[in-house]
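First the proteins, then the strands, lettered A, B, ... as listed; each starts at 1.
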2 protein chains.
Amino acid sequence: MAEIARKLGVSPTLVSLVLSGKGNQFGIKKETQEAVRKLAAELNYVPNSVASSLRTGRTKIVGLIVPDISNPFFSRIARSIEDAASSAGYYLMVCSADEDTARENQLLHIIRQSQRAAGIIVCTAQTDMQPFAEMIEQNYPLVFIDRDLPGLNRQFVGVNNRSGAQKAVEHLIAAGRKRIGMLSIGPSHLSSVRDRVQGWKEALAQAGMADTVNLLREVPFGDVEKATAAAVKELTQGPGAVDAIFTANNRLAIAAINALRETGKSIPDDVALVSFDDIDVFPLLQPPLTAMAQPAEAIGREAAELLLALINKTKAPSDAHSIVLDAELRIRRSV
Amino acid sequence: MAEIARKLGVSPTLVSLVLSGKGNQFGIKKETQEAVRKLAAELNYVPNSVASSLRTGRTKIVGLIVPDISNPFFSRIARSIEDAASSAGYYLMVCSADEDTARENQLLHIIRQSQRAAGIIVCTAQTDMQPFAEMIEQNYPLVFIDRDLPGLNRQFVGVNNRSGAQKAVEHLIAAGRKRIGMLSIGPSHLSSVRDRVQGWKEALAQAGMADTVNLLREVPFGDVEKATAAAVKELTQGPGAVDAIFTANNRLAIAAINALRETGKSIPDDVALVSFDDIDVFPLLQPPLTAMAQPAEAIGREAAELLLALINKTKAPSDAHSIVLDAELRIRRSV
DNA sequence: TTGAAAGCGCTAACAA
DNA sequence: TTGTTAGCGCTTTCAA
């Protein structure tokens with residue numbers, strides 16, 4: 001910048017003003033502005049973002065904390081956040097916390113305190129509100145996605161897990177299924193998982209099948225494949241065997257399919273299957289899998305827009321706000 | 001930092017020295033060091049990374065430019081880069097360039113000039129070496145992944161596409177297939193795609209089947225589904241119909257499966273199918289799909305380590321270096 | 001064993 | 001319409 005100023009015989013201030021688009025506002029002559037812009041382009045000048053951030057106290061980076069960026073659900077969200085952020089001149093910093101509360105808190109703290117990001121979008125693994133409450137109180141821009149912490153005065157973007165799950169189970173009931181088991185991750189305190197289980201229960205209750213709520217099986221995070229195999233085996237055997245399974249996410253669905261094949265059960269003849277969370281290969285399976293699709297792109301876009309509004313203070317930080325999108329039942333042939 | 005110094009009655013210099021681990025090197029009293037560290041912890045002090053970066057000219061961010069972070073291949077790589085980077089105290093900034101050369105160059109230029117990242121790992125969409133040549137000459141830390149630009153004095157991490165493709169096609173030949181078509185993306189200048197086509201050709205030639213190189217069909221980026229359907233239809237019809245198809249990536253494989261189903265061809269009875277690039281659902285298909293698996297995690301890890309070495313100058317930036325990993329044939333039942 | 005002072009490159013208040 | 005000056009929070013050199 002100094003070089004431009006020197007070559008043009010003007011002050012660095014003027015150059016800064018012009019290049020940050022405040023030329024007219026400060027009434028700088030059109031020709032001067034032209035000259036500055038021309039020389040900047042010739043020299044391939046790009047402002048040092050570090051210096052600018054230090055001076056202004058703002059940074060053009062959006063932080064994203066998710067359990068695992070290699071999970072397709074989160075990488076799709078990341079992509080759409082990136083798109084929305086980049087049209088506003090922001091970049092995306094991605095962190096995987098691996099469902100580890102301590103790691104997540106460490107990331108939250110460091111990213112914020114070190115001024116690495118102007119705000120954070122988080123899919124939290126915890127139920128402890130305290131770390132977040134503090135950030136929110138201090139008006140740090142923060143948006144929750146997918147998993148909510150409803151007690152907080154927070155911004156949230158996610159899907160309607162309860163009604164989505166209900167819709168999925170109603171579809172099974174409408175197809176004449178009488179004993180509908182559920183495979184979930186757990187024991188879980190995560191709002192998304194809890195709400196899906198809740199939706200399943202409500203659908204059962206409304207159909208007068210409340211007595212089958214004992215057909216819930218919770219599989220630990222760490223050991224999905226083996227534990228699912230065991231749960232499926234148990235659910236599909238004996239006199240009280242299920243004739244349908246509803247899974248809380250795509251990983252459980254995949255594990256369940258494998259387990260059903262191993263035990264020689266046919267889908268949908270012996271057991272119907274519906275997954276919450278659709279992925280692009282489910283249509284390719286035999287039979288193609290019926291699933292609740294989540295609008296990952298919309299979640300990312302809405303979350304990014306909300307965060308940018310908070311950063312730019314176009315949104316009062318204090319009013320709690322939820323954007324709840326609908327999941328869509330994609331009927332295929334596994335029911 | 002000033003606060004810590006004031007409360008302890010020492011200078012900011014001393015605090016900085018202690019907290020950046022140079023306490024012993026400067027011979028600062030153990031007790032003083034202890035006191036500084038203790039108070040810093042109590043105050044939850046985290047250094048302002050922006051100020052530190054401005055002063056030192058270094059930043060603890062690794063830039064990653066890929067065509068699309070929502071593609072599972074790249075999100076898996078991103079995850080492993082993140083892991084390697086974060087153990088060295090670095091964060092990951094992710095940018096999707098969407099196979100758009102102009103966008104990619106803009107990102108490269110801005111990220112570098114604005115000092116946003118200490119180095120860049122890139123899966124490039126272009127063949128123009130000039131933008132890269134300049135960066136490399138100026139010793140900017142740069143590592144290529146997946147797609148190489150072999151004329152350059154560069155660092156590269158990827159898989160052996162040629163020999164991998166050859167292995168896949170040899171597997172088809174060993175199974176008695178006589179007319180092996182290939183579906184590729186194109187017309188493509190990308191090293192990875194080119195090398196896979198080359199491997200296919202070489203395998204054919206070595207088996208005395210060089211006359212079937214006309215069974216290559218190139219599908220444009222933008223329109224994979226429809227163009228693949230057309231290509232598959234053409235390849236599988238008439239007297240010269242193929243009895244096997246080798247696809248250059250997983251998206252083409254998925255499109256090919258759909259196309260084969262639509263035309264009523266059975267896999268593998270009518271047409272055998274092998275995909276380059278395995279994804280986690282291929283084993284679930286009927287039949288489970290034989291594929292060349294790429295070690296995405298290893299690619300990310302090696303690339304991150306190479307980049308960090310460049311950043312820390314433990315590696316002389318001038319010596320070109322390639323890490324070429326082997327793809328692995330996962331034999332399932334589509335052949 | 002510790003401190004003073006300078007300066008990274010930019011921007012914002014104030015002055016001219 | 002433009003320039004001067006100060007300072008963001010840290011690190012590094014040099015001095016004590």
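- Sorted by residue number, the members of residues 8-18 of chain B with any non-hydrogen atom under 4.0 Å from DNA chain D read B:Thr13, B:Ser16, B:Leu17.
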Inset, instruction - Could you please spell out the steps behind the side-chain contact (heavy atoms from CB on, under 4.5 Å) verdict for A:Leu92 and A:Val94? - result: CA-CA 6 Å; A:Leu92 181 67; A:Val94 172; 3.9 Å; yes

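- Under the side-chain hydrogen bond (donor to acceptor under 3.5 Å, both in side chains) criterion, the residue pairs touching residues 71-83 of chain A are A:Arg76-A:Glu297, A:Arg79-A:Asp83, A:Arg79-B:Asp68, A:Arg79-B:Asp98, A:Glu82-B:Ser96, with sequence neighbours excluded.
- The salt bridge (Lys or Arg N to Asp or Glu O under 4.0 Å) contacts involving residues 2-21 of chain A comprise A:Glu3-A:Lys7, where partners must be two or more places apart or lie in separate chains.
- With sequence neighbours excluded, the residues that form a ring pair (Phe, Tyr, Trp, His ring centres under 6.0 Å) with A:Phe132 are A:Phe144.
- Here B:Tyr45 does not reach the OP1 or OP2 of D:dG9: none of its side-chain N or O atoms lies under 4.0 Å away.
- For the segment residues 23-34 of chain A, residues with any heavy atom less than 4.0 angstrom from an atom of DNA chain D are, sorted by number, A:Phe26, A:Gly27, A:Ile28, A:Lys29, A:Thr32.
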Exercise answer: donor-acceptor pairs, residues 108-115 of chain B side-chain atoms, under 3.5 Å, sequence neighbours excluded:
residue  : atom : partner  : partner atom : Å
B:Arg112 : NH2  : B:Gln138 : OE1          : 2.1
B:Ser114 : OG   : B:Ile110 : O            : 2.6

Inset, instruction - Starting from the C-alpha separation in whole Å, work towards a yes-or-no answer on side-chain contact (heavy atoms from CB on, under 4.5 Å) for B:Asp128 and B:Thr101. - result: CA-CA 9 Å; B:Asp128 184 6; B:Thr101 306; 5.9 Å; no

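- A:Ser52 and A:Arg58 are not linked by any side-chain donor-acceptor pair at a separation below 3.5 angstrom, with hydrogens and angles left out of the test.
- At a non-hydrogen distance threshold of 4.0 Å, A:Leu54 from residues 47-54 of chain A come into contact with DNA chain D.
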Inset, instruction - Could you check B:Ile77 against B:Val66 for side-chain contact (heavy atoms from CB on, under 4.5 Å), going step by step and ending with a plain yes or no? - result: CA-CA 10 Å; B:Ile77 290 180; B:Val66 292; over 6 Å; no

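- Residues A:Met129 and A:Arg154 have side chains not in contact (no heavy-atom distance under 4.5 Å, counting atoms from C-beta outward).
- For D:dT11, the OP1/OP2 oxygens have no side-chain nitrogen or oxygen of B:Lys22 closer than 4.0 Å.
- Partners of B:Glu305 under the side chain to side chain donor-acceptor pair (under 3.5 Å) rule, at least two apart in sequence or in another chain, do not exist in this structure.
- Atom NZ in B:Lys60 sits roughly 11 Å away from atom P in D:dT11 (whole-Å rounding).
- For A:Glu42, the salt bridge (charged side-chain N to carboxylate O under 4.0 Å, His left out) partners two or more places apart in sequence, or in a different chain, are A:Lys38.
- Taking the ring pair (Phe, Tyr, Trp, His ring centres under 6.0 Å) definition, one finds that B:Tyr91 meets it with nothing, sequence neighbours left out.
- As rounded to whole Å, 12 Å separates atom C1' of D:dC10 from atom CG of B:Leu19.
- A:Asn44 has its side chain out of reach of A:Val46: every pair of non-hydrogen atoms, C-beta onward, lies at least 4.5 Å apart.
- For the pair A:Met1 CE and D:dG3 C1', the computed distance is 12 Å after rounding to whole Å.
- The footprint of chain B on DNA chain C, defined by a heavy-atom cutoff below 4.0 Å, extends from C:dT1 to C:dG9.
- Nucleotide D:dG3 holds its C1' atom 17 Å from the CZ atom of A:Arg6, rounded to whole Å.
- Checking side-chain atoms of A:Arg194 against main-chain N and O of A:His189 turns up a donor-acceptor pair under 3.5 Å.
- Using a 4.5 Å heavy-atom cutoff, the side chains of A:Ile299 and A:Asp146 are not in contact.
- Stem analysis of DNA chain D (at least three stacked-register Watson-Crick or G-U pairs, each with both distances under 3.5 Å) gives C:1-16 with D:1-16.
- Side-chain contact between B:Arg103 and A:Ser86: present, with at least one pair of heavy atoms (C-beta onward) separated by less than 4.5 Å.
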